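To start, the structure itself, in structure tokens.
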There are 2 protein chains.
Amino acid sequence: MQGFVGDHVKWKRFHLGGCVGGWAAEQEVALAGVTIKDVAAAAGVGVATVSRVLSGTGSVSAATRDRVQAAAAALGYRPSALGRSLKTQRTGGIGLIVPDAADPFCAEFIAGVLETARTENCHVLLDASGDDPAVEAEIVDRFAQQRVDGVIAMPVLGDAGAWNGLARLGVSVVFAGRVPEGLSGMPAVLADEAGGVRTAVEYLMGLGHRRIAHLDGDASLGGARERRAAFRSTLEERGLVPDEGLLVRARPSADAAYAAAAGLFQSRPDLTAIVAGGHRLGEAAVLAARELTLRIPADVSVVVVDDVPWAELCDPPLTVVSRPARALGERACELLLRAPARRPGRPVVLPTELMVRASCGPVTASFRPGRSR
Amino acid sequence: MQGFVGDHVKWKRFHLGGCVGGWAAEQEVALAGVTIKDVAAAAGVGVATVSRVLSGTGSVSAATRDRVQAAAAALGYRPSALGRSLKTQRTGGIGLIVPDAADPFCAEFIAGVLETARTENCHVLLDASGDDPAVEAEIVDRFAQQRVDGVIAMPVLGDAGAWNGLARLGVSVVFAGRVPEGLSGMPAVLADEAGGVRTAVEYLMGLGHRRIAHLDGDASLGGARERRAAFRSTLEERGLVPDEGLLVRARPSADAAYAAAAGLFQSRPDLTAIVAGGHRLGEAAVLAARELTLRIPADVSVVVVDDVPWAELCDPPLTVVSRPARALGERACELLLRAPARRPGRPVVLPTELMVRASCGPVTASFRPGRSR
DNA sequence: CGACACATTGGAAACGTATCCATTCGGATC
DNA sequence: GATCCGAATGGATACGTTTCCAATGTGTCG
């Protein structure tokens, strides 16, 4: 690189009208718009050669390689992904759609995707749908225009059209955490919601509970359908008839969750345990119980489906069914990138785990009185 | 659109070797690789006209516009952002760098950025640095290659070079939440850490506390430097001499945080209150206190700088200094997109808020005994 | 010594778009 | 009726890259 500039660089446009004194000493120029042509000119070779050197393909002599690399470094050249992608028809981008980036479950999931994407040399476009199908469709369209190589989504129900369009356009799609009603065939990675609920119910029954409530989301968003079904079948298998008054569904807002939980406790003072689907409903259950001065677990046992980092900070520490959010993200990313072909096989199901802490106890002999007023 | 296909579309490549029977009825074709040229051919106009219609610029007759739009819809045409960006030299992409996407503060921040980006018609590339300068530099480089229009970052200390390189390359940068040591001049949006800590300390002193500990991160990551300074100066202004033994710094891991908190409680049983910087250290303080059977707030008052959704689920509900994570993201995004020019002005500082809950109480007359063993 | 294989290299053509510029055309003004 | 103006339109070019293909040079084998 000694005497390099004088030898090869053609200052066709880096001299920006008159030497501004002093910056000649600055070897690293890095002006905007340094293209492969500039590097080629600087190294005294053709653009094809520069491309070969930088992408490591083809054969180049050692001397040439060095010259090119030196020139690229000196000019601060950064290849434009735009040009490359346009030519190769691959961007290395993966689109990620979540309902809410601030939700702890989603956040952990995102982190998993990012981690795997990094090892696979991909970049991630993130957007949040707010569980609004229209917004989701908008995001899908935007991703399609950006020509992402694939899309990972925790989808909203009901817009099968957009997904099919994406797939037909050649963009592979992987669902995570939940699958829209009509699209069971598509590649997906899910948590074993059913198994988790089953374990939780069996655990509670083992503690002697018989009047167990189930508080979960409405519709089939977020696996609520699976959880509800598993809740019912587990009771039935053990000879209990599900008490419909103990099966409550709440809309996804925080207020609705609290209202549902409080309403449940007040209308059914005889329940001794509750299984809540999702951290939001879990929070609501804990707050409502506290508000009604029900002691956990003395008066009511609580299991939440969805681990959250603060479950052990709660008082008492919450017994939860932990869903592998991070692993979900990792597997979804792997599935997207490694899937040998569009195989319509069964979804990948990741195990959940019952984390026993302190929010469940045996049924107490003493009957607690009904609601005070 | 009636009779449209027969009239104008030239089936030069959509006929894919022999009619596969039946799909001719499917009006929406949407094959991969539908370009502006295909739309032009289908509408019987030139590509320039199609471009004008779709981008809304220039003048086009109503009839032509209709024909073009119909053709685009029929072919399921999605303009390629690659081509457009290459030509216009703008991608509409903004790069977002956070230390950890799963962290609740970061997650809320991300949500803020996404929200504003959506209204500004931008897409967001997200990546996590893990607070590793090398990884961060890698991400910056990747974003630069993707030709993002701007970068928003919660940066790691010590890689001024990468940031300067980015700025010199024409990519504007906005820091959020914290600013690297040597780069105070750059555009940034910060939380008023100092004001928050001051308020917290004054609140505690108003409750009669005098031996107040400060537990925070090491180095200057995440505003710890500002918090520490504010803690000191607030004490001094009120005539107290900061007790160095009560100023503890912990490395960012969860284990280190717990160790630091436990060590503090054990070595200084005389402290009556503690201010923790960041939710992680707040958690650690609560857990350590609980482990050592210190009652909150009877034995020790706790203020955490950093609101977290579960602060009110904790027992007792935590009094915190809430940092406006979401607003931080929104403002950072606005600053990035609306900044009229590279102005080196003062950073934007967003107010924090003391949320009084139940983890602080007056100093009790009874002196609690030293640690039991 | 001729022919052939092989390594090295550069020119040129795409990829899909926006936009400059020239061209055509209808109508209005003088 | 000639001229001019503005609207409408299409061809061509450039954005930055990869890659095919041809051309050159170098070495080996018959």
Side-chain angles (χ1 to χ4, degrees), chain A residues 8 10 12-13 31-68 71-72 75-92 144-149 169-170, chain B residues 8 10 12-13 31-68 71-72 75-92 144-149 169-170:
Chain A
H8 299 287
K10 308 204 174 65
K12 64 172 174 180
R13 59 193 253 197
L31 281 176
V34 180
T35 83
I36 198 174
K37 265 185 214 161
D38 301 318
V39 177
V45 300
V47 291
T49 303
V50 175
S51 176
R52 273 187 294 259
V53 169
L54 266 45
S55 65
T57 68
S59 68
V60 206
S61 74
T64 305
R65 173 165 39 244
D66 292 347
R67 275 225 312 286
V68 169
L75 266 52
Y77 170 66
R78 317 223 199 186
S80 161
L82 295 174
R84 188 201 339 263
S85 300
L86 187 58
K87 180 64 183 162
T88 61
Q89 303 288 64
R90 285 199 68 256
T91 59
Q145 292 197 17
Q146 294 294 332
R147 297 293 190 266
V148 294
D149 292 343
L169 199 136
Chain B
H8 299 288
K10 308 204 175 65
K12 64 172 173 182
R13 58 193 252 197
L31 281 174
V34 179
T35 83
I36 197 174
K37 265 186 215 160
D38 300 317
V39 177
V45 299
V47 292
T49 303
V50 176
S51 177
R52 272 188 294 259
V53 170
L54 267 46
S55 65
T57 68
S59 68
V60 206
S61 75
T64 305
R65 171 165 41 243
D66 291 347
R67 274 225 313 287
V68 169
L75 265 52
Y77 169 65
R78 317 224 199 185
S80 162
L82 295 174
R84 185 197 347 256
S85 300
L86 188 58
K87 181 65 183 162
T88 62
Q89 303 288 63
R90 283 198 70 256
T91 59
Q145 292 197 17
Q146 294 293 332
R147 297 293 189 265
V148 294
D149 292 342
L169 198 136

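By convention in this document, chain letters (A, B, ...) are assigned in the order of the sequence lines, proteins followed by strands, and residues within each chain are numbered from 1. Note that the coordinates shown come from a computational prediction; the quantities given were computed from them, not determined experimentally.
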Q: Locate the shortest heavy-atom distance separating T91(B) from R147(B); write the atom from each residue and the value.
A: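 Looks like OG1-O, 2.9 Å.
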
**Q.** Closest contact, heavy atoms only, I36(A) versus V47(A)
**A.**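 Result for this residue pair: CD1-O, 3.8 Å.
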
Q: Determine: side-chain N/O of S59(A) to OP1/OP2 of dT8(C), distance under 4.0 Å, yes or no.
A: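 For dT8(C), OP1 or OP2 has a side-chain N or O of S59(A) closer than 4.0 Å.
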
Q: Compare side-chain N and O positions of T49(A) against OP1 and OP2 of dT9(C) and report whether any pair is under 4.0 Å apart.
A: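 So the side-chain polar atoms of T49(A) never come under 4.0 Å of the phosphate oxygens OP1 or OP2 of dT9(C).
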
Checking contacts here: which listed nucleotide ([options]) is nearest the side-chain heavy atoms of [X]?
| X | options | answer |
| --- | --- | --- |
| T64(A) | dT9(C), dT19(D), dA12(D) | dT9(C) |
| T35(B) | dT17(D), dT19(C), dT17(C) | dT17(C) |
| V60(B) | dT9(D), dT9(C), dC15(D) | dT9(D) |

Q: For R65(B) and V53(B), indicate whether the former's side chain and the latter's backbone hold a donor-acceptor pair under 3.5 Å.
A: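 It does not hold such a pair.
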
**Q.** Nearest-nucleotide 5' precedence on DNA chain D, P79(A) against V45(B)
**A.**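 So the residue in question is V45(B).
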
Q. To 10°, what angle do the rotation axes through the five end pairs on each side of the helix from dC1(C)-dG30(D) to dC30(C)-dG1(D) form?
A.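 The end axes of the helix from dC1(C)-dG30(D) to dC30(C)-dG1(D) are about 60° apart, to the nearest 10°.
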
(Q) Categorize T57(B) for me: base, sugar-phosphate, or nothing, with a 4.0 angstrom heavy-atom threshold over every strand shown. (A)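 No contact.
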
Q) Heavy atoms under 4.0 Å, any strand shown: does S61(B) hit a base, just sugar-phosphate, or nothing? A)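 Touches sugar-phosphate only.
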
Q. For the side chain of R52(B) and the base of dG10(D), is some donor closer than 3.5 Å to an acceptor across the two?
A.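 Present.
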
Q.
Could you check whether the side chain of R147(B) and the base of dG16(D) have a donor-acceptor pair of N or O atoms closer than 3.5 Å, going by distance alone?
A.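 For R147(B), whose side chain was compared with the base of dG16(D), there is no donor-acceptor pair (under 3.5 Å).
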
Measuring from [X]:[atom1] to [Y]:[atom2], what's the distance to the nearest 0.5 Å?
| X | Y | atom1 | atom2 | value |
| --- | --- | --- | --- | --- |
| D149(B) | S85(B) | CG | OG | 8.0 Å |
| Q145(A) | Y77(B) | CD | OH | 8.5 Å |
| Q146(A) | R84(B) | CD | CZ | 8.0 Å |
| Q89(B) | L82(A) | CD | CG | 8.0 Å |

Q: Please state how far atom CD in Q145(A) lies from atom P in dC15(C), giving the value in whole angstrom units.
A: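 It works out to 20 Å between those atoms.
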
Q. Nearest-Å distance, NZ (K37(A)) to C1' (dG10(C))?
A.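 It works out to 14 Å between those atoms.
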
Q) Considering the options T35(B), D38(B), V39(B), V60(B), which one meets the side-chain contact (heavy atoms from CB on, under 4.5 Å) requirement together with V50(B)? A)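 Running side-chain contact (heavy atoms from CB on, under 4.5 Å) over T35(B), D38(B), V39(B), V60(B) with V50(B) returns exactly one hit, V39(B).
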
(Q) Short of 4.0 Å, heavy atom to strand atom, which residues of residues 80-92 of chain B count as contacting DNA chain C? (A)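 Nucleic-acid contacts, sorted: S80(B), G83(B), R84(B), L86(B), K87(B), T88(B).
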
